[in-house]
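Accompanying notes for the structure given below.
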Amino acid sequence: CDMKQNAVSPIGARLRQELGISCFSVPVTHCLHSFAVVLDGTPFGRVVYSGDCRPSVQLASAGKGADLLIHEATFEDGMEAEAVIKKHSTVGEALFIGKRMDVQG
């Protein structure tokens with residue numbers, strides 16, 4: 001996928017050409033070189049996938065209006081301190097990002 005919206009990478013170009021899907025990545029807080037991805041033009045509409053990470057306002061903005069959000073939630077609510085230390089999200093934090101993203105589904 002492309003590192004920035006409207007940028008072109010070889011993989012991004014091939015996805016667009018062969019499948020009609022455009023995608024771009026968004027840096028997220030987890031380990032070095034961690035990214036979420038936003039895909040447009042899938043059979044499911046706009047799909048956002050976070051992988052392991054802390055909640056990201058930048059991702060919520062980039063994925064605005066998503067039809068499907070797949071966001072990790074390693075920890076249950078009440079375990080926010082541990083989630084911060086291990087750079088994961090709680091269920092409530094993932095739901096907050098979905099609401100902020102205005103997920104349609």
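Everything numeric here is computed off the predicted structure, so don't read it as measured data. For the numbers below, each heavy atom of this structure counts, side chains included, while hydrogens, waters and symmetry mates do not.
- Shown here for A66 and V48, the closest heavy-atom pair between the two residues is CB-CG2, 3.7 Å.
- Contacts classified as side-chain hydrogen bond (donor to acceptor under 3.5 Å, both in side chains) and involving residues 61-74 (residues at least two apart or in different chains) are given here: E72-T74, E72-H88, T74-H88.
- F75 belongs to a hydrophobic cluster whose remaining members, ordered by chain and number, are M79; membership requires side-chain heavy atoms of ILVMFWY residues under 4.5 Å apart, directly or through intermediates.
- Between I70 and S50 the shortest side-chain heavy-atom distance does not fall below 4.5 Å.
- Distance check, rounded to the nearest 0.5 Å: OG1 of T42 to CG of L68 gives 7.5 Å.
- Under the 4.5 Å side-chain heavy-atom criterion for grouping Ile, Leu, Val, Met, Phe, Trp and Tyr, I11 is connected to V47 within one hydrophobic cluster.
- Hydrophobic clustering (ILVMFWY, side-chain heavy atoms < 4.5 Å, transitive): L19 and F44 are in one cluster.
- Considering only residues two or more places apart in sequence or on other chains, E18 meets the side-chain hydrogen bond (donor to acceptor under 3.5 Å, both in side chains) condition with R14.
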Identify each donor-acceptor pair in which a side-chain atom of residues 92-105 lies under 3.5 Å from a protein atom, sequence neighbours left out, and give them as a table.
residue, atom, partner, partner atom, Å
E93, OE1, R54, NH1, 2.9
E93, OE1, T90, N, 2.9
E93, OE1, T90, OG1, 3.4
E93, OE2, R54, NH1, 3.4
E93, OE2, R54, NH2, 2.9
Q104, NE2, D102, O, 2.6

Give every donor-acceptor pair under 3.5 Å between a side-chain atom in residues 26-35 and any protein atom, sequence neighbours left out.
residue, atom, partner, partner atom, Å
H30, ND1, K87, O, 2.8
S34, OG, C31, N, 3.1
S34, OG, C31, O, 2.7

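- Taking E82 as the reference, K86 meet the salt bridge (Lys or Arg N to Asp or Glu O under 4.0 Å) condition, with sequence neighbours excluded.
- Checking side-chain atoms of S89 against main-chain N and O of C53 turns up a donor-acceptor pair under 3.5 Å.
- In this structure Q58 satisfies the side-chain hydrogen bond (donor to acceptor under 3.5 Å, both in side chains) test with no other residue, sequence neighbours excluded.
- Put simply, SG on C23 and CG on L15 are 5.0 Å apart, with the number rounded to the nearest 0.5 Å.
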